[in-house]
Undergrad: 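Before anything else, here's the structure in question.
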Amino acid sequence: MRLDLKMPGKIIFEEGCLSELENCAARLTDNIFIVVSRTLLREGKLDGVLAGLKQKNIKYTVFDGVTGEPSPQMVDEAVNMARAAGCGAVAGVGGGSVLDLAKCAAALINNEGGVECYLELTDSPRKLEKEVVPFIAVPTTAGTGSEATKNAVVSSVVKGYKKSLRSEKMMACAALVDPELTYGLPREITARTGMDAITQIIESYTSKKATPITRALSIDAASNFGCLLKAWEEDEHAARKGMCYLSLISGIALANGGLGAAHGIAAGLGALYNVPHGEACAMLLPHVMRLNIGLCQEDYDRLAFKATGYKSAQALIDYVEEMNNKMGIRSRLGYLNIGDIDALSRASMGSSMSGNRVPLNIESCAEFIKGII
Ligand SMILES: [Fe+2]
């Protein structure tokens, strides 16, 4: 058995640890590129860090142009800015899209050309031959786990794709997980990102590529599933913290153990129908669990026991459906008026799909999609 575990070089998980960003940066560079969500910047949440960098004579360039999932144009604009400023490290402070864009910038500052020629699932994608500059990840939502993954998702609505820039070199050198940054997050974002994290835990635990280490991490984190409703209903701070932990662990588990069909089809729905990632995962998860139940009964039983106290796969499916229902997430795909099911199925065959326990090809996946419309 071969084990090969990759995770951020350093992980700090603590309320208020955003303040450590300036010290982290100082150890790496005297010129940093900071990708930050516009809301956070407007709210002044980065003021202390920027003042600290100034005090330490660290130059910084701020990019706050991330709107929705990173498009190739958005990535190239940021990369050109970072190249022009001669930055030697990158920090991302924001949700999954901000972190993904920041990760691309770190990867491409020294590697010529636009992001599209490096994306997987394209004809002979280029490799990141030159040095990837150090990347610090500071998540401000609890869901994608992007702070602990080695890929960044790039979406083109115009060309109808959602592909990853992926390399082991892209793992963050430091992840600062500060639950305070998630306090007061809007309910809709809490619901979507939280269901993404839950889907990542369930799919990484049952993935064909799971390892004993990723499974140990995933099953332990499943006891935090209940934090989502408390975070969503009451913005309870302990629950927010629990969700941040769940998200971090889901990122480590998926980066090292793969995912499944919910993430596979979510990629297709995002690329072709612009469905937000977490919402797509949440809608698909119960259906994918029913599809896999024959091969995953015991795994679902164990996850169910951790999450609900009942050792029953069906209890876990019911639990997920109840959460979706409460948070107003749809249960079927009918509202999308999907015209070309084969095209959606083709767009769902990315790397996540290869981890699904029940193997799905373009034909069987199309049949499955038909059944959940
Ligand atoms: Fe995800």
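Order of listing sets the numbers, starting from 1, for every ligand and every atom in it. Keep in mind that this is a model prediction, so the values were computed, not measured. Numbers here are sequence positions counted from 1.
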Undergrad: Please identify each residue that fulfils side-chain contact (heavy atoms from CB on, under 4.5 Å) with Pro70, with sequence neighbours left out.
TA: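 So Pro70 forms a side-chain contact (heavy atoms from CB on, under 4.5 Å) with Val75, Ser97, Asp100, Leu101.
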
Undergrad: So which atom in Ala255 and which in Lys150 form the shortest heavy-atom distance, rounded to 0.1 Å?
TA: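 That closest heavy-atom pairing would be O-NZ, 3.0 Å.
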
Undergrad: Any side chain to side chain donor-acceptor pair (under 3.5 Å) pairs touching residues 334-352, not counting sequence neighbours?
TA: Arg166-Ser351

Undergrad: Does a sphere of radius 6.0 Å around NZ in Lys326 hold more than 12 heavy atoms from other residues, nucleotides or ligands, not counting ones at 6.0 Å or beyond?
TA: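 No, not enclosed.
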
Undergrad: Taking the hydrophobic residues Ile, Leu, Val, Met, Phe, Trp and Tyr, and joining any pair whose side-chain heavy atoms are under 4.5 Å apart, which ones share a cluster with Ile12?
TA: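 Reading the cluster by chain and number, Ile12 sits alongside Leu18, Leu21, Leu28, Ile32, Ile34, Val36, Leu40, Leu41, Leu46, Val49, Leu50, Leu53, Ile58, Tyr60, Val62, Val93, Ile136, Val138, Leu176, Leu181.
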
Undergrad: Where does the angle between the aromatic ring planes of Tyr319 and Phe225 fall among parallel (under 30°), tilted (30 to 60°) and perpendicular (over 60°)?
TA: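 Correct class here is parallel.
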
Undergrad: Closer than 2.8 Å to the Fe ion (ligand 1), what protein N/O/S atoms do you find?
TA: Asp196 OD1, Gln200 OE1, His263 NE2, His277 NE2

